[in-house]
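Position 1 is the first residue of the sequence, and the numbers go up from there. This is a predicted model, so every value here is computed, not measured.
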Amino acid sequence: MSHALIIDDNMIVSRAIQDRLSSLGFRSFDQTWTEELAVAAATRRAPDLVVVGDSVETGSALSAARRISKQRSIPILMITADPGRLLQRIPKDTSFDGPFLLNEIEAAVALSHASG
């Protein structure tokens with residue numbers, strides 16, 4: 001069973017991500033909307049995939065993803081409606097593919113499995 005952690009404060013976006021991941025075989029989800037909730041959820045149940053959306057209520061979704069990835073190696077997908085804005089927040093020395101638009105999530109998941 002595949003478990004995904006979705007980090008975004010927009011419940012409509014989170015639900016759309018969950019629906020797309022469900023069609024790809026993910027069966028359980030944690031949806032979080034703050035950095036601390038995301039880290040706590042990953043500690044309780046290690047996800048097979050972390051999906052970072054555009055924003056969170058408090059803290060940083062990218063910081064949460066970094067903290068979670070220090071605990072274990074895990075694919076992290078960035079899903080955004082505004083790639084330019086998200087790219088401005090990513091450190092310059094970071095190696096990554098993406099960010100991805102919501103309609104590109106299937107290709108992004110396939111890429112994460114090929115890289116992992």
Say whether Ser14 and Asp8, considering side chains only, have a donor N or O and an acceptor N or O under 3.5 Å apart. no

Among the clusters formed by ILVMFWY side chains lying less than 4.5 Å apart, do Phe29 and Ile79 turn up in the same one? yes

Treating Ile, Leu, Val, Met, Phe, Trp and Tyr as nodes and any side-chain heavy-atom pair under 4.5 angstrom as an edge, say whether Ile105 and Val13 lie in one connected cluster. yes

Derivation and outcome, side chain to side chain contact (heavy atoms under 4.5 Å, CB included), residues His3 and Arg45: CA-CA 8 Å; His3 178 69; Arg45 181 165 185 194; 3.7 Å; yes

Distance-only donor-acceptor hits, side chain of residues 18-26, under 3.5 Å, sequence neighbours excluded:
| from | atom 1 | to | atom 2 | distance (Å) |
| --- | --- | --- | --- | --- |
| Gln18 | OE1 | Gln31 | NE2 | 2.4 |
| Arg20 | NH1 | Glu106 | OE1 | 3.2 |
| Arg20 | NH1 | Glu106 | OE2 | 3.2 |
| Ser22 | OG | Gln18 | O | 3.0 |
| Ser23 | OG | Arg20 | O | 2.6 |

Let me check something: any side-chain donor-acceptor pairs from residues 34-44 under 3.5 Å, sequence neighbours excluded? List them with distances.
| from | atom 1 | to | atom 2 | distance (Å) |
| --- | --- | --- | --- | --- |
| Thr34 | OG1 | Leu37 | N | 3.0 |
| Glu35 | OE1 | Ser60 | N | 2.9 |
| Glu35 | OE2 | Ser63 | OG | 2.9 |
| Glu35 | OE2 | Arg67 | NH1 | 2.9 |
| Glu36 | OE1 | Arg67 | NH2 | 3.4 |
| Glu36 | OE2 | Arg67 | NH1 | 2.8 |
| Thr43 | OG1 | Val39 | O | 2.9 |

So which of Leu62, Ile17, Thr32 actually passes side-chain contact (heavy atoms from CB on, under 4.5 Å) with Ile7? Thr32

Consider side-chain contact (heavy atoms from CB on, under 4.5 Å). Of Ile6, Ile74, Val109, Ile76, which one does Leu49 pass it with? Val109

